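Worksheet: one structure, shown below.
All values reported here derive from a predicted model rather than from experimental measurement. Just so it is clear: chains get the letters A, B, ... in the order the sequence lines come, proteins before strands, and each one is counted from 1.
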Protein chains: 2
Amino acid sequence: MNVQLEDTTGKRVAVLNSTLALIKEYGFHGTPMSLIAKRAGVAAGTIYHYFDSKETLIIELYVHVKDKMALAVAAGDDEEKPFKDRFINLMINQYNFYVENENALFFLEQYMSSPFAKNYPDRDSQLFMDKVIKFFEYGIENAYFRNIDSRLLAPTIKGTLVAAATFQLSGQIVFSKDDILEVANVIWDGIKRQ
Amino acid sequence: MNVQLEDTTGKRVAVLNSTLALIKEYGFHGTPMSLIAKRAGVAAGTIYHYFDSKETLIIELYVHVKDKMALAVAAGDDEEKPFKDRFINLMINQYNFYVENENALFFLEQYMSSPFAKNYPDRDSQLFMDKVIKFFEYGIENAYFRNIDSRLLAPTIKGTLVAAATFQLSGQIVFSKDDILEVANVIWDGIKRQ
DNA sequence: TGCAACCGAATGAACGTTCAATTAGAAGAT
DNA sequence: ATCTTCTAATTGAACGTTCATTCGGTTGCA
């Protein structure tokens, strides 16, 4: 029921991970609560001890996953370094996160293009705001970017990274470190101040 | 039942349009067949005269929508013109299609990030292949693009356009023709041979 | 002893699909 | 033109299944 329950037994996290894995395979509505429970090694009723409903479970999963991503993306960021270097680092981190967390990539994409995102636009990861969004705001204020609306930047960038990661994960190709760097530069060349 | 039924009464198209509109609002599984029927002005059973199941209805809707998009995107394309001009024209056409067909944009995004797309990767619009994919193959063969894998191009481009169109549709901003041109140039500057 | 965590069978609503019956319209016969 | 026949299109109530959620009871821990 409650939003802030201690998860001493790890069942809350087990449910979240189970949901994440199943949604990748079957989609939101293709995954019944009974299956989520089974895979988490938990009774169906237990889920409702931690989450009000299937809907809030998915929304809380979204925040959970995006928190994890925010930490991964901001890893190794160093304010002393040149802006472009920091930018490329973030791009590569995000690409790697996607590739190493296929479930998360697939889930996030589904979530963003589902009615959930429209109905709960305020529910988002605070960590992501603080670490990632902040970086872009800094870049905008200091005129590192082309003169386009700032809110266009993030989705533009994401589109390219998601495309690359999805492609790698499809197994059709194996990108080298240089390939990924090239992808990061496609993005940079597009949005940098020309 | 049959795949190639004449639609003399327009009920097949009515069902497709009804489905498109409802999916935008409620998502795939949030829209029951009964509601699709009601909105189309048709009995529930009639849907099954034209489509085998809800699943095939959605797959056929995908092809239907993408056919429409292919025609809109390729409008005014002229092989005599410089490649960059043709490219920008295609970008602007696709942007405009998204903005003028919000239902279609939302549906396509949902479809692509759903298990449908993974389960039926071969079901796609022939028109889109012939008109749009062909153009990019031409650009690749003639080395207009940066040296990245060709299959990375389309999704990279789409990511930016979808971002822009979604933003415009959110009502947060009204893009001028020049703004859209600028977006098209972000894409071009990113992927052109540097 | 008390309370939170947990269980899982039971509940009831929602939904995709079916099908027997009805209608509409075309083709053929007079 | 009018009537007859046949088929395809259409209807919507009924069916059977699935699934989210509930709840009375049990366990484990402080």
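Considering only residues two or more places apart in sequence or on other chains, B:R146 meets the side-chain hydrogen bond (donor to acceptor under 3.5 Å, both in side chains) condition with A:E182, A:D189. Judged as a side-chain hydrogen bond (donor to acceptor under 3.5 Å, both in side chains), and not counting sequence neighbours, the contacts of A:D179 are A:S176. For B:Q126, the side-chain hydrogen bond (donor to acceptor under 3.5 Å, both in side chains) partners are B:D130, not counting sequence neighbours. Residues satisfying the side-chain hydrogen bond (donor to acceptor under 3.5 Å, both in side chains) test with B:Y138, not counting sequence neighbours, are none. A:A164 is linked by a side chain to side chain contact (heavy atoms under 4.5 Å, CB included) to A:Y95, A:F175, A:V183, B:L152, counting only residues two or more places apart in sequence or in another chain. Taking A:K84 as the reference, A:I88, A:N185, A:W188 meet the side chain to side chain contact (heavy atoms under 4.5 Å, CB included) condition, with sequence neighbours excluded.
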Only distances under 3.5 Å count here; give the side-chain donor-acceptor pairs of residues 26-33 of chain B to other protein atoms, sequence neighbours excluded, each with its distance to 0.1 Å.
{"unit_1": "B:T31", "atom_1": "OG1", "unit_2": "B:G27", "atom_2": "O", "d": "3.2"}
{"unit_1": "B:T31", "atom_1": "OG1", "unit_2": "B:F28", "atom_2": "O", "d": "3.0"}

Please set out all donor-acceptor pairs under 3.5 angstrom arising from side-chain atoms of residues 69-81 of chain B, sequence neighbours excluded.
{"unit_1": "B:D77", "atom_1": "OD1", "unit_2": "B:R86", "atom_2": "NE", "d": "2.9"}
{"unit_1": "B:D77", "atom_1": "OD2", "unit_2": "B:R86", "atom_2": "NH2", "d": "2.9"}
{"unit_1": "B:D78", "atom_1": "OD1", "unit_2": "B:E80", "atom_2": "N", "d": "2.9"}

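The nearest whole Å value for the distance from the CD1 atom in B:I47 to the P atom in C:dT17 is 10 Å. The interatomic distance linking A:F51 (CZ) with C:dA5 (C1') rounds to 14 Å, in whole Å. When rounded to the nearest whole Å, the span between OH of A:Y26 and C1' of D:dT18 equals 16 Å. Between the CD1 atom of A:I36 and the C1' atom of D:dA20 there is a distance of 10 Å, rounded to whole Å.
With contacts defined as side-chain heavy-atom distances shorter than 4.5 Å, the pair A:D124/A:Y62 qualifies. Inter-residue side-chain proximity for A:F116 and A:E55 is flagged as met; some heavy-atom pair is nearer than 4.5 Å.
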Please write out each protein N/O paired with an N/O of nucleotides 14-16 of chain C under 3.5 Å, distance rounded to 0.1 Å.
{"unit_1": "C:dG16", "atom_1": "OP1", "unit_2": "B:K54", "atom_2": "NZ", "d": "2.4"}
{"unit_1": "C:dG16", "atom_1": "OP2", "unit_2": "B:M33", "atom_2": "N", "d": "2.6"}

Below 3.5 Å is the cut-off: list the nitrogen or oxygen pairs between protein and nucleotides 28-30 of chain D, distance only.
none

Polar pairs (N or O, both sides) under 3.5 Å between protein and nucleotides 6-8 of chain C?
{"unit_1": "C:dC6", "atom_1": "OP1", "unit_2": "A:T9", "atom_2": "OG1", "d": "2.7"}
{"unit_1": "C:dC6", "atom_1": "OP2", "unit_2": "A:Y50", "atom_2": "OH", "d": "2.4"}
{"unit_1": "C:dC6", "atom_1": "O3'", "unit_2": "A:K11", "atom_2": "NZ", "d": "3.4"}
{"unit_1": "C:dC7", "atom_1": "OP1", "unit_2": "A:K11", "atom_2": "NZ", "d": "3.2"}
{"unit_1": "C:dC7", "atom_1": "OP2", "unit_2": "A:A43", "atom_2": "N", "d": "3.0"}
{"unit_1": "C:dC7", "atom_1": "OP2", "unit_2": "A:T46", "atom_2": "OG1", "d": "2.6"}
{"unit_1": "C:dG8", "atom_1": "N7", "unit_2": "A:G45", "atom_2": "N", "d": "3.3"}

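Note that the two end axes of the helix from C:dT1-D:dA30 to C:dT30-D:dA1 enclose an angle of 10°, each drawn from 5 base pairs, rounded to 10 degrees.
Within a 6.0 Å radius of NZ in A:K131, other residues, nucleotides and ligands contribute 12 heavy atoms or fewer.
A cation-pi contact, defined as under 6.0 Å to the ring centre and within 45° of the axis, links B:K66 to B:F128.
Under the 4.0 Å criterion applied to side-chain N and carboxylate O atoms, A:E60 and A:R12 are assigned as salt-bridge partners.
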